[in-house]
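First listed ligand is number 1; within each ligand, the first listed atom is number 1.
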Amino acid sequence: MCERYKGQKIKIRRLSLRDYDKMVEIWRSSGLPFKPKGRESKASMKKQIEATPDLLLGAEENDELIGVIIASTEGRKGWLNRIAVVPEKRGKGIAKALTVKAEQALRKRGIKIIGLLVHKSNTPSINLAKSLGYTPNPEILYLTKRESDDA
Ligand SMILES: CC(C)(COP(=O)(O)OP(=O)(O)OC[C@H]1O[C@@H](n2cnc3c(N)ncnc32)[C@H](O)[C@@H]1OP(=O)(O)O)[C@@H](O)C(=O)NCCC(=O)NCCS
């Protein structure tokens, strides 16, 4: 389905494994850290696409992928991950459109709380989240335990 975001004709669609190389290119050109040997390896993306095809979305303009978002859920909460838009297409509402579609897909799964982790210095992402009604909780510390740095 095509919709217009700030005058552009954009299609939001599900991602497939055929999009993998382009997805990686978008993350790279966005300077977004990702885990090519871990959660964002081709094998891992294949598993995620098969398990939750509704939660991995891309924005396409003229048949070219220009933005991606990977939502996820373990059943309790929903998460928005790795959202990125190619630098030359930013500021046109594409990230907002991707986020709204991902939220809709999570809600269809019965998810009532959606969160995202953002680096404190990432003002565009923080503003994006705030513009869509997300509120920060400065009291929460993010703690992780990792099998390896690649995970
Ligand atoms: C964050 C990112 C995805 C935003 O993409 P985008 O398509 O330009 O965002 P949108 O045009 O949909 O903007 C939505 C809102 O985000 C905020 N925003 C976007 N870019 C901004 C910027 N450069 N500075 C401040 N706020 C910004 C605004 O509040 C905007 O709402 P408004 O247009 O109503 O003012 C994009 O900057 C990006 O790919 N960054 C690199 C990857 C990254 O850091 N991803 C997030 C990981 S958590």
Revision key, fill the gap. Under 4.0 Å from one or more heavy atoms of Asn122, ligand 1 contributes atoms 43 (C), 44 (O), 46 (C)
Practice item. Return yes if a side-chain donor-acceptor contact under 3.5 Å exists between Arg39 and Ser72, otherwise no. Key: no
Check your understanding: Between CD1 of Ile26 and NZ of Lys89, what distance do you get to the nearest 0.5 Å?
Key -> 12.0 Å
Exercise for review: Report yes or no: do Thr99 and Glu103 form a side-chain donor-acceptor pair below 3.5 Å?
Suggested key: no
Check your understanding: When you check the gap from the basic side-chain N to the acidic O, do Glu60 and Lys11 get nearer than 4.0 Å?
Key -> yes
Practice item. State the CG-CD1 distance between Leu116 and Ile114, to the nearest 0.5 angstrom. Key: 10.0 Å
Check your understanding: Is the closest N or O pair between Ser131 and ligand 1 shorter than 3.5 Å?
Key -> no
Point to revise | N or O pair under 3.5 Å between Ala95 and ligand 1 | key: yes
Review point. What do you reckon, does Ala84 have a nitrogen or oxygen under 3.5 Å from a nitrogen or oxygen of ligand 1?
Key: no
Point to revise | Numbered atoms of ligand 1 (with element) below 4.0 Å of Leu128, judged on heavy atoms | key: 14 (C), 15 (C), 16 (O), 17 (C)
Review point. Does Thr123, backbone or side chain, put an N or O under 3.5 Å from an N or O of ligand 1?
Key: no
Check your understanding: Among Ile126, Leu117, Leu116, which one has a heavy atom closest to atom 48 (S) of ligand 1?
Key -> Leu117
Review point. With a cut-off of 4.0 Å, which atoms of ligand 1 are near a heavy atom of Ile83?
Key: 42 (C), 43 (C), 45 (N), 46 (C)
Review point. CZ of Arg14 to CG of Asp19: how many Å apart, nearest 0.5 Å?
Key: 13.0 Å
Exercise for review: Please identify which atoms of ligand 1 are closer than 4.0 Å to at least one heavy atom of Lys92.
Suggested key: 11 (O)
**Study point:** Numbered atoms of ligand 1 (with element) below 4.0 Å of Leu32, judged on heavy atoms
**Key:** 42 (C), 43 (C), 44 (O), 45 (N), 47 (C)
Review point. Any side-chain heavy atom of Leu98 within less than 4.5 Å of one from Leu80?
Key: no
Check your understanding: Considering only heavy atoms, which of Pro87, Ala129, Gly93, Gly31 lies nearest to atom 10 (P) of ligand 1?
Key -> Gly93
Point to revise | Contact (N/O only, under 3.5 Å) between Lys89 and ligand 1 | key: no
Check your understanding: Atom CG in Leu17, atom CE in Met23: separation rounded to 0.5 Å?
Key -> 7.0 Å
